[in-house]
Trainee: 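Please read through the structure below; I'll follow up with questions.
Any value given below was found using the heavy atoms of this structure, including those in side chains, with hydrogens, waters and symmetry copies removed.
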Amino acid sequence: MGFMDDAKEVAEAAGDKVKETWEDTTDRIGDKVDEMKADANVKKAEAERDSVEKRNEIKEDLRDDA
């Protein structure tokens with residue numbers, strides 16, 4: 001009976017380890033997705049800023065020509 005109990009404990013420990021590894025992996029994937037979304041938002045904001053700056057430059061040039 002002792003052998004079966006030991007085998008059961010080992011199987012449970014292995015199952016717990018697999019579960020922990022899976023949870024860590026999904027957390028890391030989620031973190032990476034969040035990071036990529038943040039980078040995309042930064043790039044979008046920078047592009048918008050550049051667009052506004054360029055538009056303002058063009059308006060200023062048109063005012064100077066008038």
Trainee: Any heavy-atom pair between the side chains of Glu12 and Lys8 that's under 4.5 Å?
Mentor: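 Yes, at least one pair of side-chain atoms sits under 4.5 Å.
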Trainee: Side-chain donor-acceptor pairs under 3.5 Å in residues 23-36, sequence neighbours left out?
Mentor:
{"residue": "Thr25", "atom": "OG1", "partner": "Thr21", "partner atom": "O", "Å": "2.9"}
{"residue": "Thr26", "atom": "OG1", "partner": "Trp22", "partner atom": "O", "Å": "3.2"}
{"residue": "Thr26", "atom": "OG1", "partner": "Glu23", "partner atom": "O", "Å": "2.9"}

Trainee: For the CD atom of Glu60 and the CG atom of Asn56, what is their distance to the nearest 0.5 Å?
Mentor: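 Glu60 atom CD to Asn56 atom CG measures 8.5 Å (nearest 0.5 Å).
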Trainee: Measure the spacing between NZ of Lys43 and CG of Asn41 and express it to the nearest 0.5 Å.
Mentor: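 It comes to 11.5 Å.
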Trainee: Looking at Glu46 and Arg49, is any side-chain nitrogen of the basic one under 4.0 Å from a carboxylate oxygen of the acidic one?
Mentor: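 Salt bridge between Arg49 and Glu46, a charged N being under 4.0 Å from a carboxylate O: no.
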